[in-house]
Peer 1: 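Dumping the structure here so I can ask a few things about it.
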Amino acid sequence: MTRRLGDPPCQRGSVTGESCPDLFELSDGDFAVIGTDRTEELDALLPADASRADYERIVVITRDTLLRAKRDIPDA
């Protein structure tokens, strides 16, 4: 992991460590997401032109987490 995108969880109000969605940029340019696995709940709701492989999960992060990371997400 090369860097965190956005503010650390403690700056977003997580003081217990129980709710710590996070975003990271990896050294190969990909992104890693720590979030809540909601695959079972959301899989059937995917639009017809979306799919996921068996090894992929639908992970949810809070809106605040993504909005705070926006400034750190590269345009290209």
Side-chain angles (χ1 to χ4, degrees):
M1 294 185 191
T2 59
R3 67 183 181 129
R4 168 183 277 115
L5 303 176
D7 298 325
C10 62
Q11 289 183 2
R12 295 191 316 266
S14 177
V15 293
T16 64
E18 294 177 11
S19 177
C20 300
D22 226 333
L23 295 166
F24 297 92
E25 186 171 1
L26 304 179
S27 59
D28 65 2
D30 286 346
F31 298 92
V33 178
I34 298 173
T36 303
D37 182 354
R38 291 182 49 192
T39 304
E40 288 186 30
E41 174 187 349
L42 299 174
D43 198 43
L45 302 176
L46 289 173
D49 62 348
S51 63
R52 64 171 191 83
D54 288 340
Y55 57 86
E56 296 174 319
R57 310 304 292 164
I58 300 171
V59 178
V60 176
I61 60 172
T62 64
R63 177 180 178 83
D64 185 54
T65 300
L66 186 58
L67 292 178
R68 289 181 185 227
K70 183 178 177 182
R71 70 176 185 260
D72 296 330
I73 298 172
D75 291 329

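Numbers here simply count residues along the sequence, with the first being 1.
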Peer 1: Check D30 against D28 and note the closest heavy-atom contact, atom names and distance.
Peer 2: N-OD1, 2.9 Å
Peer 1: Verify, without hydrogens or angle tests, whether R52 (side chain) and L46 (backbone) share a donor-acceptor contact under 3.5 angstrom.
Peer 2: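 Answer holds: no.
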Peer 1: Does L42 offer a backbone N or O that forms a donor-acceptor pair with the side chain of R38 under 3.5 Å?
Peer 2: no
Peer 1: Can you tell me how far the OG1 atom of T36 sits from the CZ atom of R57, to the nearest 0.5 Å?
Peer 2: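 If we round to the nearest 0.5 Å, T36:OG1 and R57:CZ are 12.5 Å apart.
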Peer 1: Looking at G6 and R71, what are the two nearest heavy atoms and their distance?
Peer 2: C-NH2, 3.9 Å
Peer 1: Under a 4.5 Å side-chain heavy-atom rule over Ile, Leu, Val, Met, Phe, Trp and Tyr, are I58 and I34 clustered together?
Peer 2: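 Looking at the clustering, I34 is in a separate group from I58.
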Peer 1: Provide the closest heavy-atom pair for G35 versus V59 in the form atom of the first, atom of the second, distance.
Peer 2: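 Shortest heavy-atom contact: CA-CG1, 3.3 Å.
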Peer 1: Check whether more than 12 heavy atoms from other residues, nucleotides or ligands sit under 6.0 Å from atom CZ of R63, and answer yes or no.
Peer 2: no
Peer 1: Looking at every non-hydrogen atom in both residues, tell me the closest pair between E56 and S51 and how far apart they are.
Peer 2: OE1-O, 4.4 Å
Peer 1: In this structure, which one of T65, L66, V60 forms a side chain to side chain contact (heavy atoms under 4.5 Å, CB included) with T62?
Peer 2: T65
Peer 1: Keeping T2 on the side-chain end and E25 on the backbone end, is there a donor-acceptor pair under 3.5 Å?
Peer 2: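 Yes, the answer is positive, given that a donor and an acceptor are paired below the 3.5 Å cut-off.
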Peer 1: Do L23 and R68 come close enough that some side-chain heavy atom pair is under 4.5 Å?
Peer 2: no
Peer 1: Are I61 and L5 connected, step by step, through hydrophobic side chains (Ile, Leu, Val, Met, Phe, Trp, Tyr) whose heavy atoms are closer than 4.5 Å?
Peer 2: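 Yes, one cluster joins them.
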Peer 1: State, to 0.1 Å, how close R4 and D72 come at their nearest heavy-atom pair, and which atoms those are.
Peer 2: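 Nearest pair, atom of R4 first, then D72: O-OD2, 4.1 Å.
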